[in-house]
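Below is one structure; the comments refer to it alone.
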Amino acid sequence: MRFIETIRENIRSRLVQALTLAKDKGELSFSEVPNFNIEIPREKEHGDFAANTAMVMAKEARMAPRKIAEIILSNLDTTGSYIAAAEVAGAGFINFFLNTDWLYQVPGAIHKMGAGYGHVDLGQGEKVQVEFVSANPTGLLHMGNARGGAIGDSLANLLKAAGYQVEKEFYINDAGNQIILLGKSLDARFCQLLGIDTVFPEDGYHGNDITATAKHYIDEYGDALINKPAPEREAELCDYALKEKLASIKEVMGLYGVNFDVWYSERTLHDSGKVRAAVDYLLEKGYAYEKDGAVLLKAERGSDSNEKKPEKGEHVNLEDKDDVLVRANGIPTYFAADIAYHRDKFQRGFDRVINIWGADHHGHVARMKRAVSLFGYDPDKLTVILMQLVRLMRDGEVVKMSKRTGEYVTLEELIDDVGYDAARYFFVMRNPDSAMDFDLNLAKSKTSDNPVFYVQYAHARICSILRQAQAKGFVLPDFAKVDYSVLVKAEELALIHKLAELPEEIASAAESLEPHRLCPYLHDLASAFHSFYRQCRVVDGEEPLRNARLGLAKATAIAIANGLGILGVNAPEEM
RNA sequence: GCGCUCAUAGCUCAGCUGGAUAGAGUGUUUGGCUACGAACCAAAAGGUCGCAGGUUCGAGUCCUGCUGGGCGCACCA
C-alpha cells in the first residue's frame, strides 16, 4: 500500500484535468500536457505537496508562472480528495495542504500487512542476480569484503522487498595464476613444516592462514605427500586449501548474515568448455583474432593489431588496446573467463545482472559491458556498482592491508570487536561512492556512538512498552481494527506520516540501487518515535486513546523491524 | 600522459530523477528523569556546498576548465 504515491497520483490527475479544462476554455495554450513534478517540500509552510507545473510550461504558454498557476487553481476540482487547500507560492509553485484524514488508515494497514509492510511491486517478478564479495580463496575476508557483503546483501534484500526475484551469487576464483601461486605458497610452507629448507615464492601468499592450512593438511593426512613431485604436491595442497578456505568464507559470511544462493566456480567454467566456447564465438564473429598463438579481442576503435607490446607501467589508452583473451601459451586470461561468466549469467535467464566491485576494478567495467553487447545482450542490463576502498585506521595511522604480506584485519575479527549489527550498519550506511576510513580504535571502544543503536533502541523501547501494558493487565486489541482518528497531537501525526513513507523509501532506494538511503529514513523514524514518546503517555490513559497509541507504537516497531531487516540488522526486543 | 571517482558544519557523513531559508550524527554550550527504557527529549552555536565560468524561471545537484585526494592503465586477477 503506497499511501503517499496514491495521493500524489491523485493530485497529478486532478492537475492534468485542470490543465485540459483551461485549454478548452482558451485560458491556457500548450500542445501537450507537460512533464511536471509533484514533490514533498522541505518547508512545512509549503504544504504537503508542491507541483512545479506552472513553471515548466511558462515558456510554451508565454505567460508568467504565477499567472499560469492561478489559472490552473481556478480550474482545479478538489472534491472528494484529501486536499484541504491549494495555493500559489514562490516562483509559481502550487502548494497543496492535506487534511489529516488520510493518516488514520496508516497504522491499521501496517498491522494488517505486518512483515510485508513497506514492500512494493516495482520489479514485478523480474529476475535479478546480485553478485558480490567473490573474495579470492587465497586469504581471509577483509574490510573490502565486509563492505561489499553489507552492500550486496542489503541490495538483494531491498530488491526482494521491491518485488524482484533475486539471486545472490558468489564467484569463486578457483582458477588462474593466483591459484598456481597459492599451490606454490602452500607447498613451501608444507616443506618448511616438515623441516625441509625451501625458498618461499617471491609473490607468494605470506599470511599465517596459509601456514595453518598446510599444518592442517599434515595433521589430517601426514607427510606422505612429500615424496610426490612438486606439481602434484601443489595441486593436492591447493585443492585441500580451496576446500578449507571456501568453508571458512561460507562460515564467516554466515556470521555476517550473508547467505548466498549460488556459489559459482570459475574452474567449472573452464572444465565445461564455456570459456573456450566464448572465445570461439568471438573469433567466429570476427570480434577477436589470433596472433602468435594468442587470441586477442579487437579494441572498440577497431585497431586489428598490437604491434607494440606495452611494457609494464607503460601508459596505454585502453580503448586503443586489444585485450588478450588467450595467452600465447594457450592459457585463457581472467578476462576471458569473466566474459564467459557474464555470458553464462545472461544465458541463465537473468533480466538484470548487478555486480559489486571494488573501485580498483573500475577499468574493467567498460570492456565487460562491451563484451556483454558482443554476445547480443543489452549492456545496460549489466550494472556494476563500484565501491571505493576501505582504509583501516589504527592510532590515527593507515593500516596497510595486503594478502601478499599477510597483514590485515579480518572480517571475523571485526565482528568480534564491534558486533554483528554495528558492522553491518556501519558499512551499509555509507554511499559506496566515497572512500571510507574505518577507525579501529573507535570501533573497538564499543561506545554507543554508532547510529544503529539509536534505531534499535526505539524498537526495544516499544517492545518494553508493550510488555508494560500487558503487565498492567491491559488486553491488547486487534490493532488492525483500532480507530486511530483519536490521535491528533503534532507528534502523533508526524510519526504516522513518517510511517507512511516507508514504501516510498523502499521504492526509491531500490530504483536507484542505493540501500544506504534507508539509514537516514530509519533514523528519522526512530527520532519521530522518541519525540512522540516524550510527549504522549502511552500505557496509561483512557481506553480509545490508549489503544490507538499502543497500536501506533507497535506499528512503528513493525516498520523499524522491516527496514532494519532489509539492512540485515537485528531489531532487538531488549538491549 | 589518458581514464574513472571523490571534495558539503571542527570531525564523520546525508541531500531522491535541478526546486523555495543546504540537513543529521558527533563534538561544544544550555535546559529536562519521585510517570511507560535518559542508549532519550528540547534548544543554541557552527556553511562562500574546493575554485572560476556556463546552461535556465531556479544549480550542492547538469556542462566546461582549474586545484587537491583516492584508484586504474599487464599475455596479474
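Per chain, numbering begins at 1; letters A, B, ... match sequence-line order.
Shown for residues 60-71 of chain A: no residue has heavy atoms falling under 4.0 angstrom of RNA chain B.
For the salt bridge (Lys or Arg N to Asp or Glu O under 4.0 Å) condition, no pair includes a residue of residues 171-182 of chain A, sequence neighbours left out. The list of side chain to side chain donor-acceptor pair (under 3.5 Å) pairs with a residue in residues 532-541 of chain A, not counting sequence neighbours, reads Lys472(A)-Asp540(A), Arg537(A)-Asp540(A).
Here the P atom of nucleotide rA38(B) and the OH atom of Tyr454(A) are 13 Å apart, to the nearest Å. Residue Asn145(A) contributes atom CG, which lies 14 Å from atom C1' of rA77(B) at whole-angstrom precision. Rounded to an integer number of Å, the gap from Ile339(A) CD1 to rC75(B) P is 15 Å. Rounding to whole angstrom units, CZ of residue Arg327(A) and C1' of rC76(B) are separated by 8 Å.
Annotation: rU21(B) and rG58(B) have their C1' atoms spaced 15 Å apart (nearest Å). Nucleotides rC62(B) and rG18(B) place their C1' atoms 7 Å apart, quoted to the nearest Å. Taking atom P in both rG19(B) and rC71(B), one finds a spacing of 33 Å when rounded to whole Å. Atom name C1', nucleotides rU5(B) and rA44(B): the rounded distance is 38 Å, in whole Å.
Here Arg549(A) pairs with Glu492(A) under the salt bridge (charged side-chain N to carboxylate O under 4.0 Å, His left out) rule; sequence neighbours left out. Among residues two or more places apart in sequence or in another chain, the ring-ring contact (aromatic ring centres under 6.0 Å, His included) test is passed with Phe36(A) by none. By the salt bridge (charged side-chain N to carboxylate O under 4.0 Å, His left out) test, Asp524(A) pairs with Lys498(A), sequence neighbours left out. Applying the salt bridge (charged side-chain N to carboxylate O under 4.0 Å, His left out) rule to Glu43(A) yields no partners; only residues at least two apart in sequence or on another chain are considered. The salt bridge (charged side-chain N to carboxylate O under 4.0 Å, His left out) check on Arg424(A) picks up Asp153(A), with sequence neighbours excluded. Every residue two or more places apart in sequence or in another chain was checked for a ring-ring contact (aromatic ring centres under 6.0 Å, His included) with Tyr521(A), and none qualifies.
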Summary of protein contacts for nucleotides 13-23 of chain B, nucleotide by nucleotide, where a base hit scores B, a sugar-phosphate-only hit scores S (4.0 Å, heavy atoms): SSSS--BBS--

Give each protein N/O atom lying under 3.5 Å from an N/O atom of nucleotides 42-51 of chain B, with the pair distance.
unit_1  : atom_1 : unit_2    : atom_2 : d
rA42(B) : OP1    : Ser531(A) : OG     : 2.9

Show me the protein contacts with nucleotides 32-36 of chain B, counting only N or O atoms at under 3.5 Å.
unit_1  : atom_1 : unit_2    : atom_2 : d
rA35(B) : O2'    : Arg537(A) : NH1    : 3.1
rA35(B) : O2'    : Arg537(A) : NH2    : 3.2
rA35(B) : N3     : Arg537(A) : NE     : 3.3
rC36(B) : O2     : Val538(A) : N      : 3.4
rC36(B) : O2     : Val539(A) : N      : 2.9
rC36(B) : N3     : Val538(A) : N      : 3.1
rC36(B) : N4     : Tyr533(A) : O      : 2.6
rC36(B) : N4     : Cys536(A) : O      : 2.8

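Both geometric conditions, a ring-centre gap below 5.5 Å and a plane tilt below 30°, are not fulfilled together for His364(A) over the base of rA77(B).
Between Tyr457(A) and rA39(B) there is a side-chain N or O to OP1 or OP2 distance below 4.0 Å.
Remark: Arg8(A) fails to qualify as a cation-pi partner of Phe49(A) under the 6.0 Å distance and 45° angle criteria applied to the six-membered ring.
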